[in-house]
Structures are given as structure tokens and as C-alpha cells.
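Here the structure comes first, spelled out in C-alpha cells, and everything after it is commentary.
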Amino acid sequence: MQGVQSAYADSLRAAASAGRSLCLRGGGTKDFYGGPMQGETLDLREYAGVVSYEPSELVVTARCGTRLSELEAELASRNQMIPFEPPHFGTGSTLGGCIAAGLAGPRRAANGLYYGAVRDYVLGCTLMDGRADVLRFGGQVMKNVAGYDVSRLLAGSMGTLGIILEVSLKVLPMPVARATLRFAMEEEEALAKLNEWGGRPLPVSASSWFDGVLCVRLEGAAAAVDAACMHLGGERAGEQEALSHWAGLRDHADPFFAQPGPLWRLSVPSNAGPIAFPDANRSRQLIEWGGALRWWRTEANTQAVRQAASSAGGHATLFRGGDRGAGVFQAHGPVMERLHRNVKNVFDPAGIFNRGRLYPQW
Amino acid sequence: MGAEEHIASQTPVRIDPARQREVAAALRTFMPEHTILFRSEDTRPYECDGLSAYRQLPMVVALPETEEQVARILRTCHEMKVPVVPRGAGTGLSGGALPSAEGVLLGMAKFNRILAVDPLARTARVQPGVRNAAISEAAARHGLYYAPDPSSQIACTIGGNIAENSGGLHCLKYGLTVHNVLRVRGFTVEGEPVEFGSEALDSPGFDFLALAIGSEGMLAVTAEATVKLVPRPEVARVIMASFAEVETAGNAVADMIAAGIIPAGLELMDRPATHAVEEFVHAGYDLGAAAILLCESDGTPAEVEEEIGRMKAVLAASGATQLKVSQSESERMKFWAGRKAAFPAVGRISPDYYCMDGTIPKKRLGEMLRFIAEMEGKYSLRCPNVFHAGDGNLHPLILFDANDPEQLRRTEEFAAEVLEKCVAVGGTITGEHGVGIEKINQMCVQFGAKEIALFLALKQAFDAHGLLNPGKNIPTLHRCAEYGRMHVRSGAPPFAELPRF
């Protein structure tokens with residue numbers, strides 16, 4: 001693997017001396033996400049493989065090109081999992097892309113043990129920065145406060161800070177029992193219920209609301225799941241049906257995501273209540289994460305959608321489609337903008353990595 | 001050599017009276033007189049934090065009462081190039097709030113209001129000087145609490161917890177501060193308002209919230225935080241398991257996790273620790289055991305019943321000689337009271353103790369315990385062990401008498417060897433107490449020159465003149481060179497053959 005690393009460093013050097021940018025790419029399943037891709041593609045799939053896996057430590061370390069499906073299969077063989085349920089937007093999704101995009105799936109807003117974003121489970125990383133230096137941050141232990149927490153910073157950085165060569169993740173045992181309940185419910189009531197249930201010791205691990213139907217997944221000890229089913233009522237979905245429902249949301253294979261037109265992702269406080277569409281008659285909505293994530297299919301203009309999200313206390317991302325040149329992530333004020341540029345400069349002073357992928361200006 | 005440097009760094013630096021008058025006068029142009037202290041009898045209470053071996057009188061103490069004042073103090077200090085050291089309750093164990101002789105100590109204790117508790121959103125919006133335990137007290141009537149519970153939780157503040165990324169007894173299941181804070185609003189070193197994170201579950205751009213938490217007050221000053229509240233479990237029960245060998249207890253920890261069980265708390269204490277505690281609080285510990293494990297389950301009554309059964313089976317199979325399950329909430333509290341009193345109990349049997357905070361992979365627990373026992377012999381000092389075993393976080397306590405310089409020297413060498421051993425087995429020099437000033441030399445063992453250089457550059461990205469809490473957390477490369485233990489991975493720097501550009 002040392003040879004592969006050296007080849008990446010060579011590409012990096014060549015790009016730097018020619019003043020070109022590099023577009024870091026794993027399986028290419030998230031090419032659609034973020035700002036338009038620029039520069040020469042550096043394929044990172046060859047740097048693959050699980051480096052170490054210690055089930056009793058709850059830690060796995062793998063290289064960036066490792067396919068998520070392979071990593072998850074290895075964990076499953078020991079009855080463990082990546083808790084944040086990363087999306088697979090195609091069969092080729094890699095660990096590096098998963099960390100760089102920082103996207104979590106339905107379990108993100110779980111009650112209790114399974115709660116957390118990508119960065120919450122990142123324990124350490126090996127990074128090749130813009131000078132082709134290979135750096136190590138964090139480690140393979142749960143608690144570590146030595147130095148700045150650079151490895152968590154990389155989650156969601158869209159590959160703009162360097163090549164994430166290796167990542168150590170905290171993993172968790174798979175839940176012993178699970179069940180999915182369905183309720184016929186309008187949006188306002190569903191949001192109220194989800195927030196109410198979130199405040200109770202119920203093993204809710206995922207939720208969705210679409211078109212008058214609320215679905216709730218329970219995961220945990222058999223006794224806890226059974227008790228919650230009794231307590232909450234609703235209609236219990238079949239096992240296969242439930243699996244495909246949550247996988248469909250995780251991977252955007254659900255028909256809601258297959259429709260044409262721009263797809264917006266609104267991340268808001270869970271208790272924000274229903275948010276009105278700027279153009280009600282041509283818009284559709286799917287809610288996840290106990291109300292904290294609202295997917296919108298809408299042709300409404302960018303400013304109106306961003307305004308709706310900001311007013312609710314959150315932010316909007318143009319997730320798929322639409323006009324991507326003007327920036328897909330919500331922009332910052334001058335102080336945060338300056339801090340972003342400064343930090344980018346620390347890792348990649350020549351601006352080689354993933355130009356325009358996070359913000360159009362750099 | 002390391003120890004000599006330690007002792008050298010404890011020699012207080014003299015304060016320049018002309019500069020002191022100048023800075024105090026500048027601050028008093030907009031601050032009420034009682035909020036700016038500089039006479040040594042007034043500034044003495046601020047000369048150290050929980051790491052009392054290091055003391056330094058601050059040049060000036062500023063105790064702002066409004067955010068406007070915080071911003072103005074920062075702006076003024078920035079213009080005058082005066083260092084600023086933020087401080088919460090001063091309970092930190094690594095000297096993160098040790099004052100600067102050329103600087104202003106920014107005491108945030110007056111910001112002690114809980115601004116809002118939102119039971120529906122399950123959040124609390126608090127000022128940085130709010131005590132950790134006060135958040136849970138305020139949330140209790142909604143059946144909610146704030147999960148991270150450092151042992152100092154009745155005194156330590158949330159601002160300090162954010163600076164240090166504090167843990168506690170339950171972080172294996174419920175996470176550290178970084179997992180339980182949604183948003184931090186505050187000021188840059190220039191006094192400009194800034195906000196990291198949000199009340200949504202994520203924010204656009206880089207995750208500066210994750211970077212700021214645990215940054216030891218070096219990147220920004222916290223003025224307000226939104227923390228996550230979680231439902232209080234209906235019941236919790238704890239098993240006290242006895243072991244005839246410390247190593248067997250260590251192995252039982254790995255067996256527990258491998259069996260797919262994540263206890264709400266999993267703590268190990270060796271015999272010297274249980275004996276010290278038992279005399280002090282009468283927790284009912286098995287004094288015949290070489291080590292005990294405290295293993296907690298929480299959740300619904302049925303869930304706990306089921307899990308306690310699984311835990312007992314694992315512990316018995318791992319060689320526990322006796323299992324005792326708490327039969328009531330008061331008995332559970334009694335079992336925990338012993339663990340929580342471990343530090344003060346040890347304080348009673350020795351004039352001083354030195355607490356370490358390394359974290360190691362759990363499978364190396366046995367090896368580490370043997371190593372510490374060897375060091376006890378080598379340095380002729382006793383060292384009881386209390387561990388957050390579930391996450392491999394060790395708190396060995398070296399007993400010594402600080403009045404004997406020779407003992408202090410041996411203690412510091414003992415500690416340095418243990419921390420370096422932590423790094424050697426794949427762990428870290430600090431799990432939850434922070435680097436501060438105390439472990440700054442060991443940073444040179446944990447990280448290579450390039451990582452240290454990047455940390456220093458990151459600091460500069462937020463604080464170009466190095467004025468916020470200078471000298472903490474990240475050593476200069478010069479200091480590492482002097483310490484003589486710069487960590488070189490596998491004998492050679494990475495890519496030694498590559499040209500650099």
C-alpha cells in the first residue's frame with residue numbers, strides 16, 4: 001500500500017506544480033452531491049482494505065477505498081455495525097467518501113445508545129495533506145483529548161482538507177430486537193408525537209413521515225422493543241417490508257427520491273413544527289430524524305428555500321439537481337467565512353483538493 | 001529531563017507592575033471597578049486550577065457580567081497584545097486555566113444562568129458558568145438530564161466541560177461532551193461574535209463545533225451553549241463483581257463488550273483503591289477481592305432485568321468470584337458513591353496524589369496493570385488504580401509527599417513513563433482531563449513534528465497572535481526538541497524520500 005500512497009503523493013505534486021486541482025473520488029456514488037466537480041480525478045479505490053478490527057474494542061480501522069458494503073459485511077459477521085447507518089447511493093460507495101460527505105442515515109437521531117452523526121463515531125484518521133505529508137490524528141480509543149480533534153473535523157469536509165487515507169471508527173453491537181410501527185397521522189401531529197416520544201425512554205432508532213403515514217423503528221433489548229410496541233400501538237410492519245422501507249430512505253431508493261427536479265435537504269431543530277413550502281402546489285415533503293430532517297422536492301427558488309430553513313432555525317442544502325453553480329451549501333457570514341478559509345489554508349495552502357466542492361470560491 | 005522542566009515551569013513568573021497598571025486602567029475605562037482585580041490578595045484565588053502543583057498569579061483578573069463586556073475585554077486585549085486565559089470553576093486537572101503573568105484571566109463564573117430548558121426539543125440553553133449538575137437538576141422535572149457526568153459535576157461548569165471535552169462515568173453508552181453539545185456561541189480572540197453548530201443536528205461547512213470542543217479554550221471563548229438532554233432511564237441497577245486477580249477483571253471487561261453488551265457504566269478499582277474508599281465512605285465493597293468491577297445497566301425495568309442477567313452470565317464465565325446486584329436505588333448510589341469518592345479517599349491516605357488519565361485499548365489492560373506494578377517498585381511509590389474500564393481510560397493515582405522534592409521528581413518520572421507506555425500500546429496520554437500545561441511534554445511523544453506543526457497552524461487560523469490561553473495544549477517544536485522525545489514513527493519520518501513543496 002506504500003506504493004499506492006506514493007502514487008497519490010506524485011499526483012499531488014504534479015497537480016501542485018501545474019497549478020491544477022485534484023478531484024478526489026472513491027466509488028463515484030456521490031458525484032451528484034456538493035458543488036460541481038473540477039480538476040483531474042484522483043481515484044482512491046485502490047487504497048483499500050480493513051487494517052484492523054477488534055470487536056471487543058468496538059473499533060475498526062480501514063483504508064479509504066474500502067467498500068462500505070464489504071466493511072459492513074465484516075462487522076456483521078461479528079454482530080456489529082456502523083451505528084450511523086451511512087447511505088449507499090450505489091454499490092461502489094467507499095469508506096473515504098462516506099466520511100468526506102459526512103452523511104448519516106435514518107439512525108442519526110436515535111434515542112440513546114445509537115444516536116449520532118458520522119463525526120460522533122470517528123476516532124482517528126490518517127490524512128495526506130496538500131503538502132503530501134502523511135499525518136495521524138486521534139487514535140483507536142474512545143476517549144482522547146490530546147491535541148485538536150482534527151479527525152472529527154474531516155467528517156463532512158467534502159475532501160477539501162486532504163486525502164483521508166485511513167479512518168478508525170467506533171462501532172456498536174447490532175440491536176438484539178427490532179420492530180417498525182406505522183401510524184396514519186397528519187404532519188403536525190406526527191411532528192408533535194416524534195418530539196414527545198424523543199423525550200421518553202423509548203428505543204426509537206429511526207422515524208419517517210410521508211403523505212399521512214408516520215413510521216417509527218424501535219431497536220434494542222427484546223424487552224424494551226416489546227414494551228414500546230405495546231405502549232405506542234400502531235400497526236406493526238412485516239420484517240422484510242420494514243427492512244426495505246429504511247434501506248430505501250437510507251440509500252434514496254425510495255420512490256420519493258426518484259422523482260425529477262431539485263431535491264432539497266432542510267436540517268432544522270426537531271421541534272420546528274410544519275414548515276410551509278414557498279410554492280405549495282408543486283412541492284412534496286418527506287420527514288426523517290424525528291422532525292430534524294425535511295426532504296423537499298420543490299422548484300421554488302433557492303433564496304426562498306434557504307429563507308424557510310433559516311426561519312425555522314436551520315439550514316438548507318441543494319442535495320440533488322437544480323442550479324449547482326451558485327453554491328449548494330448555505331453560505332456563512334464574514335467571520336465564519338474567514339475562519340473557513342484560514343483552516344482550508346492550513347491543510348491545503350495551494351488549493352489543490354476538491355476545488356468548488358464545498359464552497360464555489362475555493 | 002522531563003521532570004526538571006516540570007519543576008522549572010512551576011517557578012512563578014514576576015509580573016511587570018507598569019504593564020499591569022496599563023492593562024487594568026484600559027479595562028477599567030469600560031468595566032466597573034469591582035470586576036477588575038490586580039492586587040495579589042485579590043488575584044491569589046485564581047493562581048491555580050485543580051492542578052495545584054502549578055501556580056502563577058495572573059497579571060489582571062477580569063470578571064465580566066455581560067457579553068458586551070466579554071467582547072470588549074477581548075477586543076482591548078487583542079489591541080494591546082495581552083494574552084487572555086478563560087476560566088470556569090477552576091476544577092480542571094491539567095492546568096488548562098493556569099494564569100499568565102503577562103495576561104488577563106477571564107473568569108466566566110458570573111455567567112451562571114440557565115436561559116431555557118425546552119422539554120419538547122430536549123435541549124437546554126445555558127451560559128458557560130452554569131454547573132454541569134445544575135443542568136440535570138433543571139431538566140429533572142421533565143424526566144430529562146444532561147448525560148456527561150464528570151466526577152466534579154457538582155462544581156465544574158459547562159464552559160470548562162466544552163473546553164476539555166469532559167467525560168464521566170457513563171460516556172461509554174452516552175458519549176462525551178462532544179456528543180452532547182449542539183451549539184456553542186461565543187467570541188473570537190478579536191471579540192467578534194461567532195457560532196459553531198446549531199440547534200439542528202448539523203451545520204453547513206466545516207465542523208468547527210467538534211474542533212472547538214476539547215480545544216482547551218485556545219480557539220474561541222464560549223458565551224452560551226445549547227446542550228442535548230436525554231430521557232432519564234426508568235431504572236438503573238449496578239453489579240459489583242469481585243475478582244481474585246486484577247488481570248482477570250481486565251479481561252472480563254473485554255468479554256463484556258465482545259458479548260454485545262454496552263453497560264451504562266463499567267468501572268474497575270483495584271484492592272488498594274477499594275481499601276482507601278471503604279474506610280472513607282463504607283460503600284460495601286468486597287475487600288478480599290484483588291479488584292472489583294462496577295457494571296451498570298439502565299433502561300426499562302424489563303430491559304434492565306434482561307441485561308443484568310446477561311451481564312451476570314458474562315462476569316461469572318470470566319471468573320468473577322462474587323456477584324452482588326444492587327437491590328435498591330440507595331444501594332446503587334452507595335456502590336457508586338465509593339467510586340466517585342475514590343480521589344478524595346486516596347487524598348486521605350497520602351499527603352498528595354498525582355492522577356494520570358491515559359487511555360489504552362482494553363485488551364492491553366492486563367499488561368498495563370503489570371507495568372504500573374513494576375513502576376511502583378522502580379520508583380518506591382504506591383499507586384492505587386481506578387479505571388473507566390469500559391472505555392480503557394485509566395486513572396492510576398501515584399501517592400507522594402509534595403514537600404519532598406525527591407518524591408515529586410520520582411512521581412513525575414513515574415507518570416511520564418506510564419503515559420509513554422499508553423502511547424506505546426496504541427493509546428493516548430489523556431482521555432478526558434486534557435493536556436493543559438501538565439502533559440505538554442508528553443504531546444511530543446504522542447505526535448510527530450508534522451502533526452504538532454499542523455496543530456500550531458490551526459491555532460493560528462483562529463488566533464493569529466497566539467493570545468488565547470497561550471502555552472497550553474500544544475507544545476512548540478522547540479520545546480519538543482528540548483524534551484528530547486519527539487515521536488518518530490517506525491524509525492523514519494513518513495515519505496522521507498519525497499521532496500517537499
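A note on names: the letters A, B, ... follow the listed sequences, proteins ahead of strands, and every chain is numbered from 1. This is a predicted model, so every value here is computed, not measured.
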Could you walk me through whether B/F196 and A/M336 pass the side chain to side chain contact (heavy atoms under 4.5 Å, CB included) check?
CA-CA 9 Å; B/F196 304 143; A/M336 280 292 270; 3.8 Å; yes

Quick one: which of [options] has the most heavy-atom pairs under 4.5 Å with chain A, could you say?
{"options": "B/V304, B/V435, B/I262, B/L209", "value": "B/I262"}
{"options": "B/G299, B/S203, B/G143", "value": "B/S203"}
{"options": "B/I360, B/V230, B/V178, B/L172", "value": "B/V178"}
{"options": "B/A453, B/A259, B/A212, B/A254", "value": "B/A254"}
{"options": "B/G214, B/A121, B/A457", "value": "B/A121"}
{"options": "B/L219, B/D298, B/D357, B/I213", "value": "B/L219"}

Looking only at heavy atoms, what is the nearest atom pair of [X] and [Y], with distance?
{"X": "B/E303", "Y": "A/A221", "value": "CG-CB, 3.6 Å"}
{"X": "A/F329", "Y": "B/P204", "value": "CB-CB, 4.5 Å"}
{"X": "A/L135", "Y": "B/E451", "value": "CA-OE2, 3.3 Å"}
{"X": "A/K143", "Y": "B/G167", "value": "CE-CA, 4.5 Å"}
{"X": "A/V145", "Y": "B/E216", "value": "O-OE2, 4.4 Å"}
{"X": "B/A210", "Y": "A/R152", "value": "CB-CB, 3.8 Å"}

Would you say B/D202 and A/H315 make side-chain contact, with heavy atoms under 4.5 Å?
yes

Can you check whether A/V141 reaches B/D391 side chain to side chain, under 4.5 Å on heavy atoms?
no

What option among [options] has the most heavy-atom pairs under 4.5 Å with chain B?
{"options": "A/A155, A/G198, A/G124", "answer": "A/G198"}
{"options": "A/G139, A/A223, A/P349", "answer": "A/A223"}
{"options": "A/N345, A/V335, A/D226", "answer": "A/V335"}

For the side chain of [X] and the backbone of [Y], is there at least one donor-acceptor N/O pair under 3.5 Å apart?
{"X": "A/R108", "Y": "B/L201", "answer": "yes"}
{"X": "A/Q140", "Y": "B/P361", "answer": "no"}
{"X": "A/E57", "Y": "B/K362", "answer": "yes"}
{"X": "A/S267", "Y": "B/A200", "answer": "no"}

With a sphere of 6.0 Å drawn around CD of B/E234, does it hold more than 12 non-hydrogen atoms of other residues, nucleotides or ligands?
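Yes, the 6.0 Å shell around CD holds more than 12 heavy atoms from other groups.
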
Near B/R310 CZ, under 6.0 Å, is it more than 12 heavy atoms from other residues, nucleotides or ligands?
yes

Interface moiety of [X] toward chain B, non-hydrogen atoms closer than 4.5 Å:
{"X": "A/A117", "answer": "neither"}
{"X": "A/N111", "answer": "side chain"}
{"X": "A/L358", "answer": "side chain"}
{"X": "A/R200", "answer": "backbone"}
{"X": "A/A222", "answer": "both"}
{"X": "A/T160", "answer": "side chain"}
{"X": "A/S157", "answer": "both"}
{"X": "A/L161", "answer": "side chain"}
{"X": "A/A224", "answer": "both"}
{"X": "A/V176", "answer": "side chain"}
{"X": "A/V343", "answer": "both"}

Rounded at 0.5 Å granularity, tell me how far [atom1] in [X] sits from [atom2] in [Y].
{"X": "B/F208", "Y": "A/L153", "atom1": "CZ", "atom2": "CG", "result": "6.5 Å"}
{"X": "B/L454", "Y": "A/D133", "atom1": "CG", "atom2": "CG", "result": "9.0 Å"}
{"X": "A/Y148", "Y": "B/I474", "atom1": "OH", "atom2": "CD1", "result": "5.0 Å"}
{"X": "A/D120", "Y": "B/H179", "atom1": "CG", "atom2": "NE2", "result": "4.5 Å"}
{"X": "B/T359", "Y": "A/N144", "atom1": "OG1", "atom2": "CG", "result": "7.0 Å"}
{"X": "A/L172", "Y": "B/I257", "atom1": "CG", "atom2": "CD1", "result": "9.5 Å"}

Please classify the contact between [X] and chain A as side chain, backbone, both or neither, with a heavy-atom cut-off of under 4.5 Å.
{"X": "B/E164", "value": "backbone"}
{"X": "B/T123", "value": "neither"}
{"X": "B/D118", "value": "side chain"}
{"X": "B/R232", "value": "backbone"}
{"X": "B/P301", "value": "neither"}
{"X": "B/E195", "value": "backbone"}
{"X": "B/H433", "value": "backbone"}
{"X": "B/K228", "value": "side chain"}
{"X": "B/T430", "value": "both"}
{"X": "B/L120", "value": "both"}

Run the side chain to side chain contact (heavy atoms under 4.5 Å, CB included) test on B/E192 and A/R338 for me, step by step, so that the C-alpha distance in whole Å, both residues' side-chain angles and the decisive distance to 0.1 Å come before the verdict.
CA-CA 12 Å; B/E192 297 165 309; A/R338 187 188 76 220; 3.0 Å; yes

Would A/D129 and B/K450 count as a side chain to side chain contact (heavy atoms under 4.5 Å, CB included) here? Give the steps.
CA-CA 11 Å; A/D129 72 4; B/K450 292 194 173 102; over 6 Å; no

Start with the C-alpha distance between A/N195 and B/R122, add both sets of side-chain angles, then the distance that settles side chain to side chain donor-acceptor pair (under 3.5 Å), and finish with yes or no.
CA-CA 8 Å; A/N195 279 283; B/R122 289 146 276 140; 2.9 Å; yes

ring-ring contact (aromatic ring centres under 6.0 Å, His included) against A/W362, all qualifying residues, sequence neighbours excluded
A/Y359, B/F206

List the residues meeting salt bridge (charged side-chain N to carboxylate O under 4.0 Å, His left out) with B/E306, not counting sequence neighbours, and say none if there are none.
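With sequence neighbours excluded, B/E306 shows a salt bridge (charged side-chain N to carboxylate O under 4.0 Å, His left out) to no residue whatsoever.
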
